[in-house]
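Below, read A as the first sequence line, B as the second, and so on, with proteins coming before strands; counting in each chain starts at 1.
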There are 2 protein chains.
Amino acid sequence: MIAGSHFPNTLMIRKLETIFTFADEEKQALLNLPIQVITLKADQDIVRVGDRPSQCCLILEGFSCVYKLTSEGKRQIMALYVPGDIPDLQSLHLKAMDISIAPISPCTVGFIQHDDVRHLCERYPRIAAAFWRETLVDGSIFREWLLNVGRREAYTRMAHLLCELLIRLKAVGLVEGGIFDLPITQAELADAIGTSSVHMNRVLQALRADGLVQTKGKQVIVPDWEKLKEAGDFDPFYLHLEEAGVV
Amino acid sequence: MIAGSHFPNTLMIRKLETIFTFADEEKQALLNLPIQVITLKADQDIVRVGDRPSQCCLILEGFSCVYKLTSEGKRQIMALYVPGDIPDLQSLHLKAMDISIAPISPCTVGFIQHDDVRHLCERYPRIAAAFWRETLVDGSIFREWLLNVGRREAYTRMAHLLCELLIRLKAVGLVEGGIFDLPITQAELADAIGTSSVHMNRVLQALRADGLVQTKGKQVIVPDWEKLKEAGDFDPFYLHLEEAGVV
DNA sequence: CGTGATGTTGATCAGACTCAAGGGAGGTGG
DNA sequence: CCACCTCCCTTGAGTCTGATCAACATCACG
């Protein structure tokens, strides 16, 4: 059972608390935010480039990704979102979407009306700051991915991505003993890392051979966090977590 | 003479107006924001990873870049900032910097105290929204760069970057007849594009040979915008400019 | 048990890196 | 005003990471 899945608001708060500290009154206000829960199949776009949504979506269960296509049809996944994340919080202030968002596994999401968020932000400036901060952390993650794709090789990049996922999932309680679910295909990983799927396959084999990860179906096991961290040139600083140095 | 260089606030407003529409009262408030002007040499970091600045910097003249290094010392430039931009607006809500910012040419910048910005945001929620929006557009640009670096080849990437610069410079009045100044070395371009400087050199030669750009010293001439746009697989949508379809 | 999606493997090719060396152009000091 | 020095740009050659193409194996699932 996914932590907090019956309480969308609780999950959202838990996530936000990893990067922000709320007062009780603010938490209460967040708890009262109406959220409409919906279940989606994989590859069923949540929003698409050019859309003008009037709501944000909160991931409750499963993974989703933000992606863009080149005119040649090549896909780059720019971010993976895990339970507790709000992938399209930006739509609050950017009318038209410059990205598409799709579940990569069957996904439960909660929709939150922009108007509700706006009212909340007006009444509680610190909540506005928290949401703003959340979008800034997203930006920071994009920058780290840019460094990753631009200046690290595929092996390192993949190790780095695994590190990031481990930390972010841990922050919302979805990791136990270095084990977490990663319901994603190698082709999707390739799109996230910016390689071909064939090469992705070989990189994963190399990582397994080096004892950095084990996989059991869709489960990922990280036997030696320090080793993976080093292989991935990973420093969680860019995630701007409140309690730094997690794990 | 750079447009508005004697009036930092005017330049800032002009830039913000490319993505937001202000009321007169709000503009007046922005005009009264105290800005302390300073001149910097190239390569003299403005802020560094880990810093906890109490001010933002507004670019007034020259270019600056945001960059990160891998542990191997490879540099990735994640963004280029032109006059009117505020590269570290994020520092308003992210205490510690996850990036470094350096001028790539001699640069005039204006420093704005966080406290002043915060007061402004409290009194004028729409100004807060404008600044928030500004950071979101930055995020959108990072995503486009990620697509660029991850899924386009060097030639296309470079053409794309030139397109972006043309549009952004035009928005603040720094382009005339397809000509603009680009005081940047090939090595720096390489770091922005994610290639080696040797390869960058060859890419530029190819672009020149194909008649997509001409260079005269630090001046860039774009003789055929449509051709460059196509070569760069460029669509300005991601810049979220108010008056879309510029040029 | 068939079918489509996913993962795996081999072979070949190309874009881009590295190393190394030489050529300009602009600034500084004598 | 010239000599020099330092960046920066340019070119060539060899190498490597990773792409592409093409099978084939596996697995989940109806």
Side-chain angles (χ1 to χ4, degrees), chain A residues 41-44 63 70 72-77 102-106 148-161 181-209 213-220 231 233, chain B residues 41-44 63 70 72-76 102-106 148-161 181-210 213-220 231 233:
Chain A
K41 281 177 250 169
D43 299 325
Q44 185 181 349
F63 285 58
T70 67
E72 283 187 321
K74 293 185 181 175
R75 181 168 78 150
Q76 176 69 40
I77 292 179
I104 53 181
S105 61
N148 223 13
V149 173
R151 290 300 184 204
R152 293 189 182 112
E153 50 184 60
Y155 181 92
T156 315
R157 253 181 272 172
M158 187 60 218
H160 190 283
L161 176 58
D181 281 335
L182 186 58
I184 187 171
T185 68
Q186 292 184 4
E188 285 161 338
L189 284 176
D191 283 345
I193 293 299
T195 68
S196 67
S197 60
V198 171
H199 196 56
M200 181 77 266
N201 181 277
R202 290 177 174 135
V203 165
L204 284 172
Q205 287 180 49
L207 286 168
R208 284 192 286 248
V213 283
Q214 292 156 26
T215 50
K216 258 191 202 158
K218 293 298 178 191
Q219 267 196 346
V220 173
D233 191 16
Chain B
K41 282 177 248 168
D43 299 325
Q44 183 181 352
F63 285 59
T70 67
E72 283 186 322
K74 292 185 181 175
R75 181 168 80 150
Q76 176 69 38
I104 54 182
S105 60
N148 223 13
V149 174
R151 289 300 184 204
R152 294 188 180 113
E153 51 184 58
Y155 180 92
T156 315
R157 253 182 273 173
M158 187 59 217
H160 191 283
L161 177 58
D181 281 335
L182 187 58
I184 186 172
T185 67
Q186 292 185 5
E188 285 161 339
L189 283 176
D191 282 346
I193 292 299
T195 69
S196 67
S197 59
V198 170
H199 195 55
M200 182 76 267
N201 181 274
R202 288 173 176 139
V203 165
L204 284 173
Q205 288 180 50
L207 287 168
R208 283 191 286 248
D210 294 346
V213 283
Q214 292 156 25
T215 50
K216 259 190 201 156
K218 293 298 177 191
Q219 267 196 345
V220 173
D233 192 16

Q: List in chain and number order the residues that pass salt bridge (charged side-chain N to carboxylate O under 4.0 Å, His left out) with B:K218, two or more places apart in sequence or in another chain; answer none if no residue qualifies.
A: none
Q: Note the angle between the end axes of the helix from C:dC1-D:dG30 to C:dG30-D:dC1, five pairs defining each, rounded to 10 degrees.
A: 40°
Q.
Please report the interatomic distance CD(A:Q214) to CZ(A:R208), rounded to the nearest 0.5 Å.
A. 10.5 Å
Q) Is a side-chain N or O of A:R157 found less than 3.5 angstrom from the main chain of A:I193, in a donor-acceptor match? A) yes
**Q.** salt bridge (Lys or Arg N to Asp or Glu O under 4.0 Å) partners of residues 186-196 of chain A, not counting sequence neighbours, each pair once
**A.** A:R75-A:D191, A:D191-B:R151
Q. When you check every protein heavy atom under 4.0 Å of nucleotides 13-30 of chain D, what one-letter string (B, S, -) results, 5' to 3'?
A. B----SSBB---------
Q: Please confirm whether the backbone N or O of B:A192 pairs with a side-chain atom of B:Q76, one donor and one acceptor, at under 3.5 Å?
A: yes
Output side-chain donor-acceptor pairs under 3.5 Å for residues 195-204 of chain A, partner residues at least two apart or in another chain, one line each.
from   : atom 1 : to     : atom 2 : distance (Å)
A:S196 : OG     : A:H199 : N      : 3.2
A:N201 : OD1    : A:Q205 : NE2    : 2.4
A:N201 : ND2    : A:Q186 : OE1    : 2.9

Q: Could you tell me which non-hydrogen atom of A:A231 sits nearest to which non-hydrogen atom of A:A159, and how far apart they are?
A: C-CB, 3.9 Å
Q | Inter-residue atom distance A:I104.CD1 - A:I184.CD1, 0.5 Å rounding | A | 3.5 Å
Q) What distance separates A:T215 OG1 from A:L182 CG, expressed to the nearest 0.5 Å? A) 10.0 Å
(Q) Reading DNA chain C in the 5' to 3' direction, which nucleotide is the first one with an atom under 4.0 Å from a heavy atom of chain B, and which is the last? (A) C:dA16 to C:dC19
Q. Any donor-acceptor pair under 3.5 Å linking the side chain of A:Q44 with the backbone of A:K41?
A. yes
